[in-house]
Amino acid sequence: MKKERVGILTGGGDCAGLNPAIKWATKGLLDEELCRGCGRKFEVVGIRNGWGGLLNYNPGKNGADPDNIQPLDAAMVRTWDRLGGTNLYSSRTDPLKTPDREKKTIENIEKLKLDAIIAIGGEDTQSVSHALVQRGIPVVGIPKTIDKDLMGTDYSLGFATAVEVIMQEIGRLRTTAGSHKRIFVVETMGRHAGHLSLQGGIAGGACMILIPEVVFDINRVLQIMENRKKNGARYDILVVAEGALEKKRGEFKDTDKHLDVDFGHVTLGGVAKFISNSIAKEKFAEVRSVSLSHLQRGGEPSQVDVRMGRAFGLAAAELVIQRKYGNMVNLRNNLISFVPLTDAIRKDNHGKTILNLVDVELEYDTERYIAKRQSLGMKMN
Ligand code: F6P
């Protein structure tokens, strides 16, 4: 029996949880028990460098292209669920950005004889998945982003590990903040969504958390922090999301970083520095700022991302086996399931992707700039 060939790739920013998903999607597809009854057999190839691997596939005489393609089997992926990052590498390449790229990508999918693709990624990656499905290519998505801003799922890989990192790093900062009686302003990732800062800030015990969903007023921040100092706070930790907006200044762009011409996102950063400079000017406390930056994406997966990677990887394999293409696996009300890819990448009337944002009404105290103190009825995951 001719084996069907499934390609797996990881796109966008790396994070913990990708390797467990690759491992279990591979093992699921190669599991004879799982495939019994479907009358098909599979082989699995890893596509390196995200969608870039498909675009740049350039085989030698024997069809191999180790820069872009890596055959996967159970022995190869055996230990991958212990590892952070992505062993298939990643990129922010949009393979459909120009008609030339599109032509090359579709030709390469044919050259590689791919019968299906499993794409692990966030909004950008899944928008390409969807566009390929519309062009008749069978794709299944797995949600990944530490920002947790992807619609259509209650969980996306990488989030729990990133929250864990924030908590640990705040723990480290707390000892030095305490020793020097300082305020630390800690900047987290998350783009335009505040989940990471809010949950990381809660886990780390921050006294103030600023999220992009609620525009903050620097004067109010200063007033709250000064009052805390007057009331005896020896040190304080303030967490701010990179995408937080100040009433007068608006968004903070990081002009030192240049990236992402393909999907056209602005690079955010600098808000923590702005807040710490503002506190320093008022002289009521010593202050330092830290951007946790890519530490949040690094390291080994936490138990949540190992287990969720396994569940999502296996579910994606099942969707391929059942030929349920054009879907993304998801977590909904604690159940592993799937939704049409279109649910993950819905656009608003201005053509902007709708993001999964913090439910301010339920979760955030807009006066005190902190997580709400009521939790009855709150969604946890
Ligand atoms: O989307 C994930 C994310 O980690 C964002 O939170 C952050 O703004 C961005 O990626 C950073 O991207 P890069 O790794 O390209 O610097």
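Here the structure is a predicted model, which is why all the values come from computation and not from measurement. Counting starts at 1 for both ligands and their atoms, following the listed order.
Side-chain contact of T353 with K347: a donor-acceptor pair under 3.5 Å is present, judged by distance alone. Side chains of S129 and Q126: a donor on one and an acceptor on the other come within 3.5 Å. A side-chain donor-acceptor contact under 3.5 Å links Q322 and K324.
F274 is linked by a ring-ring contact (aromatic ring centres under 6.0 Å, His included) to F252, counting only residues two or more places apart in sequence or in another chain. Contacts of R310 classified as salt bridge (Lys or Arg N to Asp or Glu O under 4.0 Å), with partners at least two apart in sequence or in another chain: none.
Here is the list of ligand 1 atoms found below 4.0 Å of a heavy atom in H294: 13 (P), 14 (O), 16 (O). Those atoms of ligand 1 with a heavy atom of R92 less than 4.0 angstrom away are 9 (C), 10 (O), 11 (C), 12 (O), 13 (P), 14 (O), 15 (O). The distance from ligand 1 to the heavy atoms of E242 drops below 4.0 Å at these ligand atoms: 5 (C), 6 (O), 7 (C), 8 (O). Taking every non-hydrogen atom of G190 and a distance limit under 4.0 Å, the qualifying atoms of ligand 1 come out as 6 (O). Per-residue contacts place R297 under 4.0 angstrom from the following atoms of ligand 1 (heavy atoms of the residue considered): 3 (C), 4 (O), 9 (C), 10 (O), 11 (C), 12 (O), 13 (P), 14 (O).
Judged purely by atom type and a 3.5 angstrom limit, T153 has no side-chain atom pairing as donor or acceptor with the backbone of S156.
Distances from atom 5 (C) of ligand 1 to the heavy atoms of D147, L150, D149 show the closest one on D147.
Here the side chains of L88 and I22 are in contact, with some heavy-atom distance below 4.5 Å.
In this structure, Q296 does not count as a contact residue of ligand 1, since none of its heavy atoms falls inside 4.0 Å of the ligand. In this structure, L268 has no heavy atom closer than 4.0 Å to ligand 1. Residue contacts with ligand 1: H265 is excluded, as none of its non-hydrogen atoms falls under 4.0 Å.
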